[in-house]
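The structure under discussion appears below in the form of C-alpha cells.
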Amino acid sequence: MTIVIAIDGPAGSGKGTIAKKISSFYNFPHLDSGILYRSVAYLCHKSGEKIFDEKNVLRYAQNLNLDNIDIDKLRTENIDEISSKISSFSSLRESLKTFQLNFKKIHSDKSGIVVDGRDITTVIFPDAEIKFYITASLKDRANRRFEELVLNNSKIDKKLVIKELQKRDQRDMERSTAPLKIAKDAIVIDTSNLTIEEVNSKVQREIEKVIK
Ligand code: CDP
C-alpha cells in the first residue's frame with residue numbers, strides 16, 4: 001500500500017520545505033503541485049497573451065511536459081500572479097488532477113508519497129492517510145517570500161510582496177473551485193515561531209503515529 005501524506009497551506013507557509021524534508025527522510029517521492037500550475041502559467045506568460053482564455057490554458061496543461069520547463073524560472077512575481085489567476089479555471093484543475101492521481105499510480109511500488117499544494121487534502125487526495133495544513137502569519141510568510149524573490153530581483157519592494165501575497169491568498173481562498181481551506185481531519189501547524197527543525201519533528205511525530 002502507498003500511503004499519501006497530503007500537505008496544504010498558503011504561500012510562504014513553509015509547506016514546500018517540509019514536504020521536501022519528509023520526502024527525503026522517508027524516501028517517499030514528492031510532488032509539488034504548485035510546479036504544475038506554475039509551469040502552465042509560464043507557458044501562458046511565454047505566449048505573450050495578456051488575457052487568459054480557459055481553452056488555451058487547458059491546451060497548455062494537456063500538452064505539459066515538465067522536462068521542457070526550466071524550474072528555476074517559475075518562482076518570479078509574474079508567475080506567482082498568473083498561476084494564481086489561472087488556477088480558478090475548473091477545466092485546468094481537472095486536467096492537473098489527472099496528472100496528480102497518476103503520480104500516485106506510477107509510484108505504487110513505494111510505501112508512500114508526499115504531495116503539497118492548495119487542494120491536496122480536500123480534492124485531490126481527500127482519503128489521504130495523513131493530512132497537514134501548514135500556515136504562518138502574513139508577516140512571516142511575506143518575509144520568507146521576499147527572501148526568495150530578492151535572489152532574482154534585488155530591487156523588489158517588500159510592501160509590494162505583502163500586497164501581492166494578500167491578493168494571492170484571497171484569490172486562492174475565495175475561488176469557487178477547490179478553494180484553499182483546512183480539511184476537517186487535517187493537523188494544523190502554525191510555523192510562525194518555529195524553526196524548520198521544530199516543524200519537521202512535529203510533522204514526523206504525526207507520521208510515526210500512522211505508519212507504525
Ligand atoms: O510556493 P507557493 O505557496 O508560493 O505557491 P505554489 O504552491 O507554487 O502555487 C502557486 C499558485 O498555484 C498558488 O497561488 C495557487 O493559486 C496555485 N495552486 C493551486 O491552485 N492548487 C495547487 N494544488 C497548487 C497551486
Side-chain angles (χ1 to χ4, degrees), residues 4-20 30-45 52 54 57-58 60-61 64 66 69-104 113-126 128 131-138 140-152 156 161-183 186 189 191:
V4 176
I5 302 177
I7 308 178
D8 283 324
S13 56
K15 64 183 185 320
T17 305
I18 206 66
K20 281 195 201 92
H30 170 217
L31 176 64
D32 168 0
S33 65
I35 296 274
L36 306 176
Y37 289 88
R38 286 177 182 274
S39 298
V40 176
Y42 176 73
L43 296 174
C44 293
H45 176 61
F52 307 111
E54 183 161 357
V57 173
L58 176 63
Y60 292 136
L64 187 64
L66 291 181
I69 307 270
D70 181 353
I71 304 279
D72 294 336
K73 293 206 172 119
L74 299 181
R75 298 195 77 83
T76 65
E77 300 105 284
N78 243 329
I79 303 298
D80 278 3
E81 190 183 353
I82 303 173
S83 59
S84 109
K85 283 187 174 160
I86 60 171
S87 66
S88 63
F89 290 146
S90 37
S91 63
L92 169 68
R93 304 203 70 87
E94 217 29 64
S95 168
L96 294 182
K97 180 177 180 179
T98 310
F99 188 107
Q100 294 168 79
L101 297 182
N102 208 29
F103 183 80
K104 185 179 178 197
I113 59 169
V114 185
V115 187
D116 75 279
R118 298 287 188 289
D119 62 343
I120 311 304
T121 59
T122 52
V123 175
I124 306 297
F125 292 113
K131 297 180 181 180
F132 292 102
Y133 186 90
I134 308 287
T135 187
S137 69
L138 177 66
D140 283 295
R141 295 190 293 111
N143 278 337
R144 291 172 189 162
R145 192 71 189 110
F146 175 79
E147 295 303 330
E148 255 175 14
L149 289 171
V150 84
L151 296 176
N152 284 320
I156 186 128
V161 174
I162 299 181
K163 230 170 93 191
E164 291 302 321
L165 199 76
Q166 267 177 316
K167 272 207 255 170
R168 194 143 66 98
D169 279 356
Q170 197 176 4
R171 273 198 292 263
D172 285 341
M173 291 174 183
E174 291 180 1
R175 66 173 173 237
S176 52
T177 331
L180 170 65
K181 59 179 182 200
I182 307 176
I189 300 178
T191 67

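Both counts, for ligands and for their atoms, begin at 1 and track the order of listing. Counting begins at 1 with the first residue of the sequence.
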Salt-bridged, Asp169 to Arg141, with N to O below 4.0 Å?
yes
With a 4.5 Å heavy-atom cut-off, do Lys181 and Tyr133 have their side chains touching?
no
What pairs of residues pass the salt bridge (charged side-chain N to carboxylate O under 4.0 Å, His left out) test when at least one of them lies in residues 143-152, not counting sequence neighbours?
Arg75-Glu148, Asp80-Arg145, Arg145-Glu148
Could you check whether any side-chain heavy atom of Ile86 comes within less than 4.5 Å of a side-chain heavy atom of Val40, counting everything from C-beta outward?
yes
Taking side-chain contact (heavy atoms from CB on, under 4.5 Å) as the definition, give me every residue that meets it alongside Ile156, ordered by chain and number, with sequence neighbours left out.
Glu77, Phe146, Leu149, Val150, Asn153, Val161
Name all residues meeting the salt bridge (charged side-chain N to carboxylate O under 4.0 Å, His left out) criterion together with Lys97; count only those two or more places apart in sequence or in a different chain, and write none if there are none.
none
I need the contact residues for ligand 1: any residue with a non-hydrogen atom closer than 4.0 Å to the ligand, ordered by chain then number.
Ala11, Lys15, Ser33, Gly34, Tyr37, Arg38, Arg75, Ser83, Ser84, Ser87, Arg93, Gly117, Arg118, Asp119, Arg168, Asp172, Arg175
